[in-house]
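Atom set for the values below is all heavy atoms of this structure, side chains included, hydrogens, waters and symmetry mates excluded.
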Amino acid sequence: MAAPSRQSRHIVLASASETRAEMLRAAGLDITVMAARVDEEAVRQSMTSEGAKPRDIADALAEVKARKIASRCPDAVVIGCDQVLEFAGQAWSKAETADAARAQLQTLRGQIHLLHSAVVLYDAGKPVWRHIGEVRLTMRMFSDAFLDDYLARNWDAARHSVGTYRIEEEGIRLFSGIEGDLFTVLGLPLLPLLTYLSDRGFTAA
């Protein structure tokens, strides 16, 4: 892990994601992690009923998290993030059971789906910047036998990820193609975020 570089502000990540925290720390940021407890499913269902697009749902969830933590840490720069899987124009939720995951992956098999990874930055208790990264992923035509073995080996870890896969682990074997930024697949458009932090003088330029 990289040693933290010089930064002028206290930076808080409003997320419980270890992957996002590791990415930021590996990039040399000194961050505090504070999980924002919000009812994501309620927000998702409400926005879906109003006809919101999946990318807008990701953006709204990221902002809700950033705003909640910013209210507690008004002097900090707060990073809120969220990721939504879109298939056939619909936003998907995480599978709650292995059987639900199997059904989801069977539907995605041989198809293209999108991941929308949103990041919203709060400074002094107000939103100052936002970005939504998008990745197109193509799943290969894997067999039912492979799918069953995959879930048996990976359910405990992959169930925390929308789509029930972690491409940094065995989940990469589900795919035949990925178009987009790796960091965005992992849930955080890292390069645009680091560029903004540097341009604003929050981190070393």
Side chain Thr195, main chain Leu191, donor-acceptor under 3.5 Å: yes

Exercise: identify the closest heavy-atom pair between Ala101 and Thr164: CB-OG1, 3.5 Å

Transitive ILVMFWY side-chain link Val64 to Val128, under 4.5 Å: no

Counterpart residues, ring pair (Phe, Tyr, Trp, His ring centres under 6.0 Å), relative to Phe87 (two or more places apart): Trp92

Atom pair CE/CG of Met23 and Leu194 - distance to nearest 0.5 Å: 10.0 Å

Exam field: side chain Lys94 to backbone Val162, donor-acceptor pair closer than 3.5 Å: no

Side chains of Thr32 and Ile11 in contact at under 4.5 Å (non-hydrogen atoms): no

Side chain to side chain contact (heavy atoms under 4.5 Å, CB included) involving Ser117 - partner list, sequence neighbours excluded: Gln83, Thr184, Pro189

More than 12 heavy atoms of other groups within 6.0 Å of Arg153 CZ: yes

Under-4.0 Å salt bridge between Asp30 and Arg25: no

Any donor-acceptor pair under 3.5 Å from Gln104 side chain to Ser93 backbone: yes

Under 4.5 Å side-chain linkage, directly or through intermediates, the cluster mates of Leu114: none

Residue pairs passing the ring-ring contact (aromatic ring centres under 6.0 Å, His included) test where at least one lies in residues 47-79, sequence neighbours excluded: none

Polar side-chain atom of Ser71 near backbone of Lys68 as donor-acceptor pair, under 3.5 Å: yes

Heavy-atom pair with the smallest gap, counting every atom of Trp155 and Ala98: CZ2-N, 3.5 Å

Ile69 reachable from Val119 in the ILVMFWY side-chain graph, under 4.5 Å edges: no

Any Leu121 side-chain heavy atom under 4.5 Å of Leu193 side chain: yes

Shared hydrophobic cluster for Leu151 and Ile167 (ILVMFWY, side-chain gaps under 4.5 Å): yes

Pairs where residues 31-80 contributes a residue and the test ring-ring contact (aromatic ring centres under 6.0 Å, His included) is met, not counting sequence neighbours: none

Ile178 side chain reached by Val135 side chain, heavy atoms, under 4.5 Å: yes

Glu40 vs Lys65, salt bridge (Lys or Arg N to Asp or Glu O under 4.0 Å): CA-CA, chis, key distance, verdict: CA-CA 9 Å; Glu40 296 184 36; Lys65 294 176 180 179; 3.2 Å; yes

Pairs involving residues 19-47, ordered by first then second residue, that meet ring-ring contact (aromatic ring centres under 6.0 Å, His included) (sequence neighbours left out): none

Stacked cation flag Arg140 on Phe146, 6.0 angstrom / 45 deg: yes

Glu41 atom CD, neighbour heavy-atom count above 12 within 6.0 Å: yes

Ring pair (Phe, Tyr, Trp, His ring centres under 6.0 Å) against Tyr165, all qualifying residues, sequence neighbours excluded: His113, Phe175

ILVMFWY cluster membership beyond Val43 - transitive side-chain contacts under 4.5 angstrom: Met47, Ile57, Leu61, Val84

Pairing residues for Glu168 by the side chain to side chain contact (heavy atoms under 4.5 Å, CB included) criterion, not counting sequence neighbours: Thr19, Arg166, Leu186

Sequence-distant partners of Tyr196, ring pair (Phe, Tyr, Trp, His ring centres under 6.0 Å), two or more places apart: Trp129

Connected via hydrophobic side-chain network under 4.5 Å: Val12 and Ile31: no

Where at least one partner belongs to residues 55-83, residue pairs that pass ring-ring contact (aromatic ring centres under 6.0 Å, His included), sequence neighbours excluded: none

Verify same cluster id: Ile132, Leu115 (apolar side-chain graph, 4.5 Å): no

Sequence neighbours excluded, every pair satisfying side chain to side chain donor-acceptor pair (under 3.5 Å) that has a member inside residues 47-59: Asp59-Arg130

N/O donor-acceptor pair under 3.5 Å between Thr97 side chain and Ala100 backbone: yes

Salt-bridge present (Asp144, Arg109; N to O < 4.0 Å): yes

Sub-4.5 Å side-chain heavy-atom contact between Arg173 and Tyr150: no

